[in-house]
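Encoded as structure tokens, the structure appears first; notes follow it.
Please read all numbers here as calculations on a predicted model, not as lab measurements. Quick note: residue numbers are just sequence positions, from 1.
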Amino acid sequence: FILTSSNPIHASAPPNPTEEQPPLNTGSLSFPWSHLRLPENIVPLHYHLLLHPNLTILSYIGTVRIELQVQNNTNWVVLHSKGLRITTATVLDQNLVLPVLHNPTHEQVAIFSPRVLTGGQKYFLLLEFGAELGEGFYGFYRSTYRTSTGETRTLASTHFEPTSARMAFPCFDEPSFKANYSISIRRSPAHTALSNMPVQTVVLDDGLMEDHFAVSVRMSSYLVAFIVCDFRSVSATTASGVKVSVYAAPEKWEQTHYALKAAVKLLEFYEKYFNISYPLPKQDLVAIPDFQSGAMENWGLITFRETSLLYDPTTSSASDRLWVTKVIAHELAHQWFGNLVTMKWWNDIWLNEGFATYMEYISVDTTYPKLRVEDYLLDTCFVAIGRDSLNSSRPISSVAESPTQIKEMFDTVSYNKGACVLHMLRHYLTDQVFQIGIMRYLRRYSYSNARNQDLWDSLANTCSEEEFTSGGHCYSNSQSAKNGYLYAGEHLDLTTMMNTWTLQTGVPLVTVARQGSRLVLKQERFLRTTHPSDPAWPSLQQGYLWHIPLTYRTDTSTSIHRHLMTTLTDSVEVGEEVGWVKVNVDMAGYYLVHYDGPGWDDLIQLLKDNHTALSFMDRTHLIHNAFQLTTAGRLSLDKALDLIGYLRSESHTVPLLQGLAYLEAFYRMVERMDIPDLTQNLSTYILWYFRGVIDRQTWSDKGSVSERRLRSELLSLACHLGDLPCLEQAQRSFTHWLDSNSTLSLPADVTETVYSVGAQEDSGWASLLHIYTLSLSETHKHKILSALASSRDTNKLHRYVVGAGSRGEVIRTQDLDSLIVMVARNPKGHHLAWSCVQKYWSTLVDKFQLGSFSIRNIIIGTTGQFFSTEELTEVRVFFESIHEQASQLRVTQVAMDNIQKNILWLQRNLGTLRSWLDQQID
């Protein structure tokens with residue numbers, strides 16, 4: 001499951017319990033189970049599921065025969081069902097229609113058998129049911145697309161993770177209830193049906209087709225999938241004989257070829273890396289027109305948002321290509337991490353998502369080195385630190401019981417922090433030990449479920465003698481000592497170490513100070529909203545301690561020094577002769593570093609004199625840490641600004657864009673707050689300081705992926721800052737493009753910038769909106785959407801967000817959260833976007849389930865633009881008005897922490913920014 005790149009919701013409100021099938025013959029029976037999780041006394045072994053969807057009346061009927069293993073004597077079978085009309089329930093061989101009780105609050109049904117179901121025996125439960133095809137993005141739902149002739153076509157698709165298989169058919173909808181599935185689908189000859197496994201088709205007497213899919217491997221219910229559509233596909237076979245196919249709407253078939261090549265290459269990579277064959281005969285990748293998240297890893301039938309799978313060389317930029325490659329890599333990694341081995345419960349979802357996110361980097365770096373995926377790894381960790389340095393963060397492994405709490409687990413902490421902690425662990429153990437441990441984990445828990453502890457046991461040495469001598473995926477203590485401990489002579493207690501990263505909240509800050517020949521170290525929890533002088537500080541630091549694998553480099557040696565820090569204070573010998581020290585080499589560790597005394601000045605001087613003495617990752621890491629420390633009130637802003645004073649000589653895209661990103665963030669902030677003199681001075685400074693690199697950019701798609709990324713972001717910023725040469729070139733390109741009746745192909749890397757400039761005029765805006773309705777490329781449409789949302793005309797924004805967006809007519813509902821966030825980023829639109837959220841809150845929750853990525857994206861994206869105590873109060877009052885929903889969400893506290901952080905930034909740094917700029921401009 002990958003989050004979208006605004007970079008994962010529920011069918012509209014579930015049927016009222018009174019609309020569900022009334023309980024049959026329940027008499028005086030009461031619901032036998034009071035817990036959210038199902039009882040474990042009955043285990044499903046095999047589902048035989050037959051579905052007949054009707055794409056004209058948008059409903060379906062089905063039967064499911066579940067083979068059950070009963071562990072203890074019982075009269076009850078309790079399982080999940082949500083919004084389904086169960087018409088018949090029987091236990092085969094009893095020939096009795098059994099009563100069905102409903103508990104809609106827990107999304108459960110209970111079937112009562114008057115005859116005792118005996119422990120140790122197997123039974124078949126038969127249920128007949130029906131439902132509407134959902135209107136949202138969960139369960140078995142409908143989707144539509146328009147052809148170039150204007151015809152609307154309908155398909156039906158599924159999305160079950162985390163808790164929505166129960167919306168499609170009655171089932172034991174928890175990850176540890178793994179079972180086999182035999183799925184059959186009835187359909188018209190005009191459609192194709194797809195499911196997890198290969199198919200055999202029979203023709204029925206009434207002219208309908210019935211597709212029988214082969215028995216699946218043992219898997220969790222959230223990985224089941226089926227689609228009925230009229231798509232076209234393109235196929236190829238991997239070296240090991242797996243048939244890979246990519247499906248899309250017929251007129252988008254041309255955009256499937258890149259994904260097919262990438263999927264074959266990546267699947268072959270994973271089979272080698274994990275040393276475990278992909279266990280199914282086929283792997284389908286399908287672009288669904290209405291899809292809320294980025295993609296979903298259903299075993300053998302991965303579903304994607306169109307922008308995450310389809311690649312159109314004429315309209316897709318270098319960044320779009322990287323995004324598609326990374327999403328495919330993420331979902332294919334899940335075929336092992338998540339599908340083959342699944343977490344026992346959703347509290348450990350990071351075992352799926354953190355791994356899949358990290359494997360994107362390992363796999364794409366090997367298969368597509370020119371994409372420079374490693375350039376993005378630091379940013380993944382910076383995003384994690386952004387969330388983790390707020391008091392409202394959570395541990396990687398956290399309690400989650402209700403469906404809303406479970407949905408909220410699919411967040412920055414599970415994905416980004418999970419990936420960064422694994423990156424740190426891989427560096428600590430070495431690549432080889434990490435890879436062997438991963439193989440061992442996957443082999444040991446294949447077709448089963450695992451917890452945090454199981455991963456640590458597989459990575460550390462816990463081999464039995466038999467496993468070791470049989471040459472399995474295991475290594476001995478002596479081998480561990482050789483490979484694993486670059487950290488000289490450290491005894492490895494991996495569980496204790498890793499629990500400090502997965503079971504406690506937050507990110508550590510290591511403060512380093514030189515005392516003679518020693519480097520004195522101190523660790524604490526890094527918080528951007530609380531300062532050591534605040535009364536609350538001691539209580540917020542109480543009990544926090546990490547086992548930190550420290551690395552550092554000095555000017556006297558090219559080697560990387562290592563030290564495991566397991567206490568609050570520590571010290572290491574570096575030698576009297578050392579000039580500078582850089583801690584956390586290439587940011588392999590998930591921690592920030594503060595240099596006490598002259599430490600920062602030494603590094604500022606180093607960057608000015610000889611910045612290439614440090615790697616591009618180290619330079620980027622220094623820039624990030626310095627500006628984070630200014631936000632936290634631990635380093636003066638002028639010091640951080642002096643640090644990026646070397647950027648004119650920077651030739652690497654990553655540190656250059658990192659430094660620019662902070663200056664752009666400051667500009668957008670003062671622009672939004674309407675401080676004209678500061679806005680003007682900052683714009684003047686950025687354009688003057690970066691004039692050389694801006695002028696070197698061409699309006700083309702030439703160059704490496706890094707060069708193309710730099711061009712795209714630099715020209716976008718220059719035009720936003722009102723740079724005259726940039727605006728004139730963009731306007732010329734836009735006029736040529738319009739005059740050609742949009743047949744002229746604009747360079748993909750600058751398309752969004754050209755459209756954004758063109759959208760400021762009425763005629764340009766109207767033309768773009770018209771082209772938006774006709775375009776067959778969702779990636780292209782996303783660029784147009786961004787341009788339309790950049791208009792400074794509040795009437796257009798109002799009509800556009802509140803009108804077309806919320807009705808889902810021109811702009812698909814799946815894009816509404818991105819649209820609201822785009823408008824919120826516009827200085828003329830941020831209050832409009834927030835009032836839209838307040839006014840249409842209930843509608844938004846109906847469209848996008850509470851706890852979903854879309855709702856969180858909307859809340860963070862709109863409130864993140866606020867910088868005043870009045871706005872903080874307004875947000876708090878709104879959250880209090882929706883208390884019942886807000887109290888179920890973590891994101892509301894994150895939003896308020898974010899505003900508090902913004903307010904503190906202004907108090908601490910606005911004056912310094914003003915005086916620093918005055919000095920530069922004088």
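Arg451 has no carboxylate O lying under 4.0 Å from a charged side-chain N of Asp348, or vice versa, which leaves the two without a salt bridge. Asp586 and Arg619 are not joined by a salt bridge, as no carboxylate oxygen comes within less than 4.0 angstrom of a charged side-chain nitrogen. Salt bridge annotation for Lys417-Asp388: present, with a cationic side-chain nitrogen under 4.0 angstrom from a carboxylate oxygen. Between Arg426 and Asp431 there is a salt bridge, with a side-chain nitrogen of the basic residue lying less than 4.0 Å from a carboxylate oxygen of the acidic one. Look at Arg372 and Asp365 and you find no salt bridge, because none of the NZ, NE, NH1 or NH2 atoms lies under 4.0 Å from a carboxylate O.
Under the 6.0 Å distance and 45° angle rule, Arg709 counts as a cation-pi partner of Tyr376. Remark: Lys582 is not positioned above the aromatic ring of Tyr552, lacking an NZ or CZ atom under 6.0 angstrom from the ring centre and at most 45 degrees off the axis.
Between the side chain of His159 and the main chain of Glu161, a donor-acceptor pair closer than 3.5 Å is present. Counting only distance, with no hydrogens or angles, the side chain of Gln697 and the backbone of Val693 share a donor-acceptor pair below 3.5 Å. Arg443 places no side-chain N or O within 3.5 Å of a backbone atom of Ile438 that could act as its donor or acceptor partner. With hydrogens and angles disregarded, a donor-acceptor distance shorter than 3.5 Å links the side chain of Asn196 to the backbone of Leu223. Side-chain N or O atoms of Asp701 include one that pairs as donor or acceptor with a backbone N or O of Asp749 at under 3.5 Å. Looking at Trp253, its side chain never comes within 3.5 Å of a backbone N or O of Ala248 through a donor-acceptor pair. Ser316 places no side-chain N or O within 3.5 Å of a backbone atom of Asp320 that could act as its donor or acceptor partner. In this structure, His334 contributes its side chain and Phe337 its backbone to a donor-acceptor pair below 3.5 Å. Within the 3.5 Å criterion, the main-chain N or O of Arg394 finds no donor-acceptor partner in the side chain of Ser398.
Taking the six-membered ring where tryptophan is involved, the planes of His611 and Tyr646 are tilted, since the angle between them lies from 30° to 60°.
Checked options Thr502, Asn452, Asp411; the residue passing with Trp350 is Asn452 (criterion: side-chain hydrogen bond (donor to acceptor under 3.5 Å, both in side chains)).
No hydrogens or angles considered: nothing links the side chains of Glu271 and Ser277 as a donor-acceptor pair under 3.5 Å.
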If you apply the rule side chain to side chain contact (heavy atoms under 4.5 Å, CB included), what do you find for Arg562 with Ile560, and how did you get there? CA-CA 7 Å; Arg562 295 175 164 81; Ile560 296 171; 4.0 Å; yes

Trace of the side chain to side chain contact (heavy atoms under 4.5 Å, CB included) decision for Leu459 with Leu455: CA-CA 6 Å; Leu459 285 165; Leu455 178 62; 3.9 Å; yes

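Annotation: Phe410 is not in aromatic contact with Phe853 [ring centroid separation under 6.0 Å not met]. Taking the six-membered ring for Trp and the full ring otherwise, the centers of Tyr428 and Phe434 sit at least 6.0 Å from each other. If you look at Tyr222 and Trp346, their ring centroids are closer than 6.0 Å.
In this structure, CE in Met587 is found 10.5 Å from OG1 in Thr620, a value given to the nearest 0.5 Å. The OG1 atom of Thr779 sits 7.0 Å away from atom CD of Gln255, with the distance rounded to the nearest 0.5 Å. If you take SG on Cys381 and OH on Tyr590, they are separated by 7.5 Å, rounding to the nearest 0.5 Å.
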